[in-house]
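Below is one structure, written out as structure tokens, with a few remarks after it.
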Amino acid sequence: MNKIKEATNIITQAIEEINSNILQNNNTQIKKITEAIDDGDNISNLIEQCRNSLIEINVWKITHKTFIYEFHEFRKRIGYPINAKSSTAYHQYINNISSETLIYWFDKYPYLRELIEKIINNICDFLLKVCHDLIKDWNILIERKLINKEEKLQNITYLDSDPHNNNKVGLYFDFEKSKVLYKPKSLKVDTIISEIFENILQFEALDQIVPVATSIDMGDYGWQKFINRNYLNKKNLPKAFYNLGLCSSLFTALGATDLHDENIIFNKEYPYFIDLETCIQPENKYINNSLVDTMLENMKSSIASTSIIPSNIISYLKQILVGAINTPYPQKTNKRHFSLKNFGTDAMDIAKENVTVNHLKSSIKLTAEEASNPLPYQSDFLEGFSKGYKRVQEKSASIKKLLNHHSFISRVIIRPTDQYYLVLDALIYPENLISEKKVDNILDYLKPTKLVKDRKIAHDLLKEEKKALKQGDIPFFYTYSSNNNLKTQDYTTQKAFELTPVDNINLKLNNLSKKRKQLNLQFIAEGFSYIKLKESEHFSKDNILYFSPMFKNVLEKITINNPYPIIDLLLNLSITTNSKVKKTGWFNGMYGDMPSMYNSMTNFSLHDTGGITFLLEHSKNLGQNSSLAKLDGLLNSTKLGLLELQEYYLKDNISNYFSIISGKSSIDFIFDHKKERSGNLEKIDFSHHHFTKKDNDIFNGTPGLGLALSSFPLTSADILFKILRTIVYDSKKYSKKGIAHGKLGILWSKYRINKFLKRKEECKKLFEEAKNSNYSLTGWCCGNAGLLMVLAEMCTGLKMENQFLKEIAKKSINLPNNEPIDLSVCHGVSGVLQSLLFTYSATNDEWYLSLANNFWEKVLYLSKKNGFYTGEKNRDYILGYFLGWSGFADSCLLLFQFNNKKKPWIPLNLSSNIYQENL
């Protein structure tokens with residue numbers, strides 16, 4: 001026998017002996033319920049067996065740490081050493097465990113007795129109720145065709161579900177031909193959503209299959225048909241992803257959460273959704289005139305919140321994705337794990353260690369060990385989602401009517417379940433079971449939830465959380481459909497939410513729109529890119545050749561003379577407050593190693609969506625004949641949005657607070673670039689430690705500040721003298737070449753400041769030093785395009801010969817012939833284009849405009865042929881200016897304007913309008 005199993009049996013037998021009266025009385029009550037029916041003895045025996053299994057697993061969970069601790073106390077008493085090669089002391093220890101041993105433990109650890117007594121009583125009460133419910137509902141189960149009339153029950157097993165409401169868990173009833181689940185919670189929401197699919201939406205593609213398991217709601221419990229999880233054939237994958245997209249539209253509209261891989265089961269090509277109690281939630285009101293609230297509401301009402309597309313879970317040292325749609329490859333992560341070491345020997349112990357775990361998180365699998373790759377089926381998923389969304393929007397009135405007609409329970413999760421399990425794990429250490437006070441000390445690590453605004457209610461909820469944990473439960477909170485309080489067993493809060501579940505769902509269904517659908521498509525593109533990134537990591541491969549249909553289709557329509565498709569898409573993806581004074585923002589899309597996903601409203605600097613203001617300015621300046629001529633309102637609301645986001649997120653000095661590209665200073669530059677002076681930039685205290693502590697970013701400090709300030713004609717010369725004294729080239733700090741991270745950025749900033757200060761000879765020296773630079777890369781921030789822009793500016797300002805620039809320009813336009821194209825401004829083709837256009841503007845040499853047109857023709861051709869990314873490989877969804885579609889769109893528009901005999905301001909020169917006009 002397995003040694004752990006042996007220990008578990010011995011401890012459980014001892015505890016059952018101590019509680020024999022309770023268990024015998026429970027057996028008598030179960031037999032009394034079943035005695036009058038056919039097969040009653042079999043049913044009562046199976047229920048007793050299930051109860052005993054539940055007791056056994058719970059007893060071991062609670063006592064294993066005490067078991068090991070007390071073994072070492074025993075070993076020391078009899079004088080045996082710790083020895084992994086010996087089991088002598090262990091065998092003596094385990095052979096002497098009896099009910100007296102457990103009574104000794106209980107006397108020594110009083111809360112261990114209390115905890116086990118509660119659990120045994122709760123499990124006995126629960127199985128007695130289950131027995132009663134089974135007999136009472138037998139005919140209903142037959143009538144609803146969950147079981148057949150003559151079937152006999154074969155087995156009852158407990159599910160690996162969280163214990164709630166006095167240690168209740170889901171149970172699996174195995175009949176001769178049928179399989180049924182017993183769930184100790186209301187299944188009303190499941191039945192309502194089933195009715196929506198069956199009677200309102202009636203999706204033809206589902207072939208009359210309702211994608212919710214047949215459920216019978218009995219109030220505080222329910223029965224559900226067991227759905228077999230089938231593995232799919234590859235030929236069925238397009239339809240499977242289409243059907244998942246179709247059904248996802250409803251859950252997106254409802255604001256559902258927690259629909260990850262374990263809650264979506266595929267049977268053939270049809271998804272079945274289970275455990276839907278969190279699909280309809282109460283909520284607090286969002287403030288109409290707050291952009292932060294408006295954006296948050298948009299995100300929480302989107303597919304990003306459902307877990308159908310990937311979400312991040314940070315697991316100690318690495319992040320893993322969870323989601324119904326996910327990477328098909330196991331994800332390795334380091335997990336802190338409590339494991340039994342040397343069990344059954346005289347050295348047994350519990351060790352906390354980091355272990356590498358492989359996770360395969362996906363609903364759509366080809367075999368147990370092989371998930372399907374979602375990337376080829378993004379178009380199928382999108383097509384299903386789009387058709388479903390349209391149907392849900394058309395039927396929203398009927399859905400609201402149905403939901404308003406029914407009363408139902410919504411479960412509200414007020415903190416991650418993992419937090420509860422960590423507390424429970426700490427609670428059962430023997431030293432904490434000495435007294436209830438010790439247990440309370442452990443529970444004090446939990447702090448009141450921030451989910452509810454009222455702090456008194458939050459503290460009351462914390463008391464209820466602790467009460468549940470003290471009996472081995474995972475806290476369970478819920479509310480009724482028309483209530484705005486929270487409930488748990490014998491406790492009800494005052495008003496905890498401003499919107500009841502029904503209020504909230506009415507609001508969400510009213511807000512369905514084509515614009516919101518577009519935002520969902522943006523989030524889906526982001527989600528699929530995360531899968532690409534995981535595949536790239538798995539295979540150590542740079543480019544995964546699947547691209548977002550949303551952006552690919554727009555890119556296909558763009559020509560040199562038609563930049564509007566991408567501009568129109570960006571305008572459609574904007575989010576504006578519903579208030580008299582409107583504010584606008586965008587979800588930029590996450591990038592880099594940021595752990596959060598989708599909620600990218602904090603990325604609003606010039607580097608990210610703040611730069612969209614430049615696109616709007618250039619679009620507005622096209623004139624009255626342009627379809628984009630009337631953009632004053634959007635430009636104004638975008639600037640107001642930037643002000644709110646700045647005030648909300650930049651209250652404290654954060655790491656890149658002063659960056660002229662990615663910090664608060666960049667917002668000042670956005671607002672001031674048309675002025676003769678930037679008062680906000682001049683006010684910056686550049687002696688602040690952020691300027692000396694930051695890593696190798698030239699623009700996050702005085703070089704960037706000086707570069708921008710010296711382009712404003714009325715800047716104080718004293719400030720520039722002070723800044724100049726701080727700019728020192730550090731070859732270790734700025735080890736990379738180029739503008740953003742190397743010596744060229746330092747030379748550029750020094751040149752511009754010296755030019756302002758009329759130090760011509762110094763400018764010439766800086767020019768000669770920059771001219772001797774040599775780059776292999778093409779981009780603006782790190783290659784020849786940046787060098788071209790800097791030298792074109794210096795040549796023009798110093799009236800120097802500039803023919804040598806053409807060789808640098810030729811080096812900057814090299815493109816890969818068979819790889820995806822980086823469309824970004826920072827180190828991709830958009831930065832090259834702006835550098836060429838700036839050089840044309842500075843030199844008036846038509847050769848550069850011709851080169852720019854030829855280059856852009858090739859860019860559009862190759863990006864349509866070989867694919868694309870926006871700043872970081874395998875990310876094709878980023879909307880920002882330096883990394884993303886808005887920088888690409890503005891670059892397209894700038895070329896269009898230059899081709900139409902205009903010379904607009906070039907944002908990438910990081911100088912004021914007046915500075916460029918004077919060049």
Side-chain angles (χ1 to χ4, degrees), residues 1 4-64 66-67 94-138 152-159 163-174 182 184 220-221 428 433 470-473 489:
M1 181 187 288
I4 294 177
K5 180 69 173 172
E6 178 188 29
T8 305
N9 286 343
I10 290 171
I11 294 172
T12 304
Q13 286 171 15
I15 287 177
E16 287 178 344
E17 186 178 331
I18 294 170
N19 293 279
S20 58
N21 289 340
I22 294 171
L23 295 174
Q24 189 55 51
N25 181 52
N26 192 238
N27 289 342
T28 301
Q29 291 175 298
I30 288 170
K31 289 186 185 300
K32 187 174 182 180
I33 293 171
T34 59
E35 64 186 358
I37 64 167
D38 293 341
D39 204 34
D41 287 344
N42 174 51
I43 292 172
S44 64
N45 287 336
L46 292 174
I47 287 176
E48 289 167 17
Q49 289 172 22
C50 180
R51 178 202 65 198
N52 293 343
S53 295
L54 268 174
I55 289 173
E56 184 176 285
I57 190 67
N58 277 280
V59 161
W60 182 246
K61 280 181 184 177
I62 300 301
T63 62
H64 71 278
T66 302
F67 172 80
I94 198 165
N95 289 334
N96 283 292
I97 288 179
S98 64
S99 57
E100 285 78 14
T101 308
L102 270 296
I103 289 170
Y104 167 74
W105 289 3
F106 291 160
D107 290 341
K108 189 174 180 181
Y109 310 112
Y111 204 81
L112 178 63
R113 178 201 299 269
E114 187 172 339
L115 195 52
I116 285 178
E117 285 180 354
K118 283 179 181 177
I119 287 173
I120 288 176
N121 278 299
N122 285 341
I123 289 173
C124 286
D125 291 345
F126 173 50
L127 268 298
L128 187 65
K129 181 180 187 309
V130 170
C131 180
H132 178 271
D133 292 341
L134 176 65
I135 303 307
K136 175 175 67 72
D137 299 338
W138 194 280
K152 288 190 175 182
L153 186 61
Q154 304 294 300
N155 198 13
I156 308 172
T157 54
Y158 58 86
L159 302 175
H164 296 302
N165 299 324
N166 299 325
N167 307 109
K168 296 181 178 70
V169 295
L171 301 177
Y172 171 79
F173 284 73
D174 190 1
Y182 176 96
D220 62 344
Y221 72 97
I428 59 171
L433 295 169
K470 284 169 81 168
Q471 59 182 31
D473 259 346
Q489 294 189 71

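Side-chain atoms of Tyr111 come within 3.5 Å of backbone N or O of Lys470 as a donor-acceptor pair. Panel note: side chain Asn26, backbone Ile22; no donor-acceptor pair is recorded below 3.5 Å. Side chain of Thr12 to main chain of Asn9: no donor-acceptor pair is present (N/O by atom type, distance under 3.5 Å, no hydrogens or angles).
Counted by atom type alone, Asp137 and Tyr182 present zero donor-acceptor pairs between their side chains at under 3.5 Å. Asn166 and Gln471 share a donor-acceptor pair across their side chains, judged by distance under 3.5 Å alone.
Taking a 6.0 Å sphere around CG of Asn25, one finds it holds more than 12 heavy atoms contributed by other residues, nucleotides or ligands. The neighbour count for Lys129 NZ, taken as heavy atoms of other residues, nucleotides or ligands under 6.0 Å away, is above 12.
Asn167 places a side-chain heavy atom less than 4.5 Å from the side chain of Asp473. For the pair Ile55/Leu23, a side-chain contact is recorded, criterion being any heavy-atom separation below 4.5 Å from C-beta on.
Shown are Leu127, Ile120, Ile156, Leu46; of these, the side chain to side chain contact (heavy atoms under 4.5 Å, CB included) with Arg51 is made only by Leu127. Among Thr63, Leu115, Leu433, Ile428, the single residue meeting the side chain to side chain contact (heavy atoms under 4.5 Å, CB included) criterion with Tyr109 is Leu433.
Residues forming a side chain to side chain donor-acceptor pair (under 3.5 Å) with Lys118 (at least two apart in sequence, or on another chain): Glu114.
Residue Ile119 holds its CD1 atom at 12.0 Å from SG of Cys124, rounded to the nearest 0.5 Å.
With salt bridges taken as basic N to acidic carboxylate O contacts below 4.0 Å, none links Asp38 and Lys152.
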